Amino acid sequence: MGWPNTDDFWLIGRVGRHCLSCLTLRPNFRKRQGMMPRRTKIARLLADGNTGFDTTVMGWIRTFRNNQFIALNDGSTLHNLQVVVDFENADAELLRRLTTGAAIRATGAIVASQGKGQALEMKARDIEVFGECDPEAYPLQPKKHSLEFLRDIAHLRFRTNTFGAVFRVRHHVAWAIHDFFHRRGFVYLHSPVITGSDAEGAGEMFRVTTLDPINPPLTESGEVDFKKDFFGKATNLTVSGQLEAELGALALSEVYTFGPTFRAENSNTTRHLAEFWMIEPEVAFVDLEDNMNLAEDMLKHIIRHVLENCGDDIALLESRLVEEEKNKPQQERSAMTLREKLQFCLDNDFARVTYTEAIDILRISTPNKKKKFRFPIEEWGADLQSEHERYLVEKHFGRPVILYNYPAKIKAFYMRLNEDHETVAAMDILFPGIGEIVGGSQREERYDVLRQKMEAMHIPVEEMSWYLDTRRFGTVPHAGFGLGFERLILFVTGMTNIRDVIPFPRFPGYAAF
RNA sequence: GCCUCAGUAGCUCAGCCGGUUAGAGCGGCGGACUGUUAAUCCGUAGGUCGUAGGUUCGAGUCCUACCUGAGGCGCCA
């Protein structure tokens with residue numbers, strides 16, 4: 001029966017002396033036993049490039065050309081395997097069932113391709129249709145669809161080249177993040193998704209309750225009695241794991257969280273979601289500069305990992321952008337391709353400027369003088385609008401920018417007050433096209449200063465006693481930041497709408513699937 | 001939440017200053033061809049022009065409201 005398939009080699013490598021039993025687990029044997037035949041992933045077949053052996057592949061038909069050529073995709077790679085059907089001897093009924101979208105198993109010999117466009121192909125000897133796909137009802141065609149249309153069929157969009165690439169890259173980014181922190185000895189901390197604290201200070205929250213919405217139990221004064229609720233108090237979905245991460249860092253030294261985050265803001269933009277994923281490292285015994293270094297190193301590590309491991313997918317996403325930009329006027333096209341942009345980020349230090357320096361740059365900038373800004377920069381202390389951030393990143397510096405030492409008045413209570421008593425040790429990292437991708441700070445570790453700020457900003461001190469305890473018992477300088485995972489995916493993939501880089505987006509008025 | 005733009009066949013789109021029977025490509029269906037690369041060729045079906053009003057002799061086209069989508073702004077990651 002010839003050579004064992006490549007998956008059998010893999011199993012030999014994995015299980016050592018069990019290789020003999022593995023060799024018997026070949027397609028025909030397994031089939032006779034009523035077992036699912038073992039398959040080889042298309043990514044491995046194409047990567048190995050070997051020919052002259054039999055194997056089995058499984059996947060979904062992308063196109064069936066000329067009654068003869070199946071382009072088969074199993075999601076392991078962007079590329080399809082060409083499966084050649086001997087149509088002259090094939091059952092007509094089988095050929096009828098080989099339609100775009102159908103799921104099949106194909107068994108046959110891997111040979112060098114006669115045609116151009118692919119090195120390998122499979123001469124199919126046996127084809128089994130797992131699931132037919134009615135071509136009239138199936139919404140995906142072998143053609144370009146709009147991203148908006150695909151968003152409406154998010155359950156099927158994984159089967160397109162673009163979304164296959166996006167979600168493979170998304171996986172690699174997640175992996176690279178864990179890899180980065182693990183190598184540096186960080187502890188992955190799971191902060192709670194349900195929180196009883198309403199002082200996380202990051203916007204509107206989603207309530208979590210099991211109370212009857214029509215007839216909730218009431219207190220004597222007629223308000224909803226949350227003491228009768230599941231947790232005995234009002235609870236919400238988390239808007240940040242930072243406060244809990246700080247507790248972990250003040251014992252484990254270096255921790256990070258990576259989990260879903262929920263914000264009930266009525267945000268309708270290409271860079272906001274109601275449910276998104278956030279990475280929040282928190283580090284003891286460091287200051288703001290260490291924090292900036294950590295963030296920059298992490299972003300570069302991720303970008304390098306993606307360039308090294310997702311070449312095909314990034315190349316596809318890049319050519320997508322090139323096609324898209326052909327419809328734009330010359331001046332709106334990007335100066336760099338996707339890969340050039342990512343490489344540029346690796347090769348150059350991020351610009352680091354204080355808020356005060358940024359205000360000076362903006363004040364004397366051409367758009368400010370010509371009154372092109374909707375919100376002109378007049379004096380120190382104003383919050384920067386996205387038009388200002390875009391000017392700094394895209395026009396003035398032309399690379400990622402870290403802004404730091406913001407006015408205390410426009411930042412959160414937990415950020416450390418600087419010596420000038422006017423600014424806090426906060427930092428935001430701004431990326432071209434996306435804006436704020438990281439927001440962080442050195443934390444206020446001095447008990448008296450923190451308590452004073454909480455009272456001034458009307459944070460319930462009693463309820464937050466557990467947070468203040470860390471400053472009472474062995475407090476240390478520490479710092480951390482939050483990284484918006486989907487915003488990072490936007491940057492790395494070159495996609496422009498955040499709803500297209502998360503499998504099933506949630507935003508105001510929409511929670512399908 | 002505010003502002004701007006859009007909604008025409010299953011998908012992507014054209015439809016001029018309001019004018020007579022609503023157009024293409026892809027996809028579907030029928031056939032031909034058989035080493036194709038979103039195969040090609042021939043034929044064919046498919047539309048209450050987002051919804052409801054209004055203006056007009058006449059509305060896909062103009063006006064109003066609503067619905068849906070996209071982009072920008074705010075909030076932020």
Side-chain angles (χ1 to χ4, degrees), chain A residues 62-71 79-88 90 95-96 99-101 111-118 121 123 133-153 160-161 200-204 239-242 258-280 295 327 373-375 383-390 410-412 428-431 434-440 481-491 496-502 507-510:
Chain A
R62 284 291 177 80
T63 64
F64 183 37
R65 286 185 297 269
N66 218 354
N67 222 10
Q68 192 175 176
F69 303 101
I70 298 170
H79 301 291
N80 303 321
L81 179 70
Q82 174 152 292
V83 176
V84 185
V85 182
D86 179 11
F87 71 98
E88 281 168 322
L95 293 176
R96 189 195 61 74
T99 60
T100 297
V111 299
S113 178
Q114 292 174 37
K116 290 169 188 162
Q118 60 281 314
E121 64 189 22
K123 285 275 186 205
C133 188
D134 178 357
E136 195 161 16
Y138 189 54
L140 292 175
Q141 298 164 16
K143 62 167 268 186
K144 191 167 160 45
H145 291 286
S146 69
L147 296 175
E148 294 78 29
F149 170 70
L150 294 171
R151 210 173 291 151
D152 286 338
I153 50 164
T160 64
N161 286 341
E200 288 177 359
E204 295 298 310
V239 291
S240 166
Q242 180 200 314
F258 186 170
T261 309
F262 307 88
R263 305 231 173 129
E265 301 286 354
N266 191 11
S267 298
N268 293 288
T269 79
T270 52
R271 45 187 200 286
H272 288 85
L273 290 165
E275 176 183 292
F276 64 99
W277 288 66
M278 190 155 63
I279 296 94
E280 295 181 289
N327 300 320
F373 285 140
R374 259 184 68 197
F375 299 89
D383 212 348
L384 297 182
Q385 307 291 317
S386 55
E387 59 182 348
H388 306 133
E389 296 179 347
R390 271 214 312 278
I410 59 171
K411 288 289 182 180
D428 284 354
I429 302 186
L430 311 175
F431 265 31
I434 292 145
E436 185 178 346
I437 199 165
V438 164
F481 60 84
L483 167 78
F485 184 61
E486 282 78 16
R487 288 190 182 174
L488 177 58
I489 307 297
L490 280 181
F491 181 75
T496 50
N497 191 319
I498 202 162
R499 296 169 186 179
D500 294 329
V501 297
I502 189 167
F507 51 89
Y510 192 88

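Here the structure is a predicted model, which is why all the values come from computation and not from measurement. Every chain is numbered from 1 and lettered A, B, ... according to where its sequence line falls, protein lines coming before strand lines.
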**Complete:** Whether each nucleotide of nucleotides 29-43 of chain B has a protein heavy atom under 4.0 Å at its base (B), only at its sugar-phosphate (S) or at neither (-) is summarised, 5' to 3', as S----BBBBBB----
**Request:** Please name all residues satisfying side-chain hydrogen bond (donor to acceptor under 3.5 Å, both in side chains) with A:D428, sequence neighbours left out, ordered by chain then number.
**Result:** A:Y406, A:K411
**Asked** Between B:rA77 atom C1' and A:W277 atom CH2, what is the distance in whole Å?
**Response** 15 Å
**With A:R151 via salt bridge (charged side-chain N to carboxylate O under 4.0 Å, His left out) - residues at least two apart** = A:D500
**Message:** Measuring only the C1' atom in each nucleotide, how far is B:rG60 from B:rC16? A whole number of Å is fine.
**Reply:** 13 Å
**Prompt:** Rounding to a whole Å, what distance do you find between A:I437:CD1 and B:rC76:C1'?
**Reply:** 13 Å
**C1' atoms of B:rC13 and B:rG7, separation to the nearest Å** = 12 Å
**Message:** In whole Å, I'd like the distance from the CD1 atom of A:I434 to the P atom of B:rC76.
**Reply:** 19 Å
**Asked** Excluding sequence neighbours, so at least two apart, what forms side chain to side chain contact (heavy atoms under 4.5 Å, CB included) with A:F149?
**Response** A:P139, A:H145, A:S146, A:I153
**Prompt:** Can you list the residues that meet the ring-ring contact (aromatic ring centres under 6.0 Å, His included) rule with A:F491, with sequence neighbours excluded?
**Reply:** A:F431
**Asked** What distance, rounded to whole Å, do you find between the two P atoms, one in B:rG54 and one in B:rG46?
**Response** 31 Å
**Request:** Would you indicate what A:F149 reaches in the nucleic acid, counting non-hydrogen atoms under 4.0 angstrom: base, sugar-phosphate, or nothing?
**Result:** sugar-phosphate
**Message:** Could you report the tightest heavy-atom contact between A:C133 and A:G101, atom names first, then the distance?
**Reply:** CB-C, 3.5 Å
**P spacing across the pair B:rC17 / B:rC73, given as an integer number of angstrom** = 32 Å
**Asked** Rounding to a whole Å, what distance do you find between A:I410:CD1 and B:rC76:C1'?
**Response** 13 Å
**Request:** Please identify each residue that fulfils side chain to side chain contact (heavy atoms under 4.5 Å, CB included) with A:F276, with sequence neighbours left out.
**Result:** A:T261, A:R263, A:L273, A:M278, A:E486
**Request:** Heavy atoms only: give me the nearest A:H272-A:R487 pair and the separation to one decimal.
**Result:** NE2-NH2, 3.4 Å
**Asked** Among all residues two or more places apart in sequence or in another chain, which pass the ring-ring contact (aromatic ring centres under 6.0 Å, His included) test with A:Y510?
**Response** A:F507
**Message:** List the residues meeting side chain to side chain contact (heavy atoms under 4.5 Å, CB included) with A:N67, not counting sequence neighbours, and say none if there are none.
**Reply:** A:F64, A:F87, A:L95
**Complete:** Whether each nucleotide of nucleotides 65-75 of chain B has a protein heavy atom under 4.0 Å at its base (B), only at its sugar-phosphate (S) or at neither (-) is summarised, 5' to 3', as -----SSBBBB
**Euclidean distance for P, B:rU21 against B:rU61 (whole angstrom)** = 16 Å
**Pairwise P distance for B:rG28 and B:rU20, with rounding to whole Å** = 33 Å
**Asked** Taking CD from A:E204 and P from B:rG1, how many angstroms apart are they, rounded to a whole number?
**Response** 13 Å
**Asked** Residues two or more places apart in sequence or in another chain: which of them pass side-chain hydrogen bond (donor to acceptor under 3.5 Å, both in side chains) with A:N268?
**Response** A:N266
**Message:** In this structure, which stretches of RNA chain B are paired as stems of three or more consecutive Watson-Crick or G-U pairs, both distances less than 3.5 Å?
**Reply:** B:1-7 with B:67-73, B:10-13 with B:23-26, B:28-32 with B:40-44, B:50-54 with B:62-66
**Complete:** Taken in chain and number order and not counting sequence neighbours, the residues that satisfy side chain to side chain contact (heavy atoms under 4.5 Å, CB included) with A:Q82 are A:R65, A:F69, A:V84, A:S113, A:Q118, A:E121
**Message:** Within the 4.0 Å heavy-atom criterion, would you say A:L488 contacts the bases, only the backbone, or no part of the nucleic acid?
**Reply:** nothing
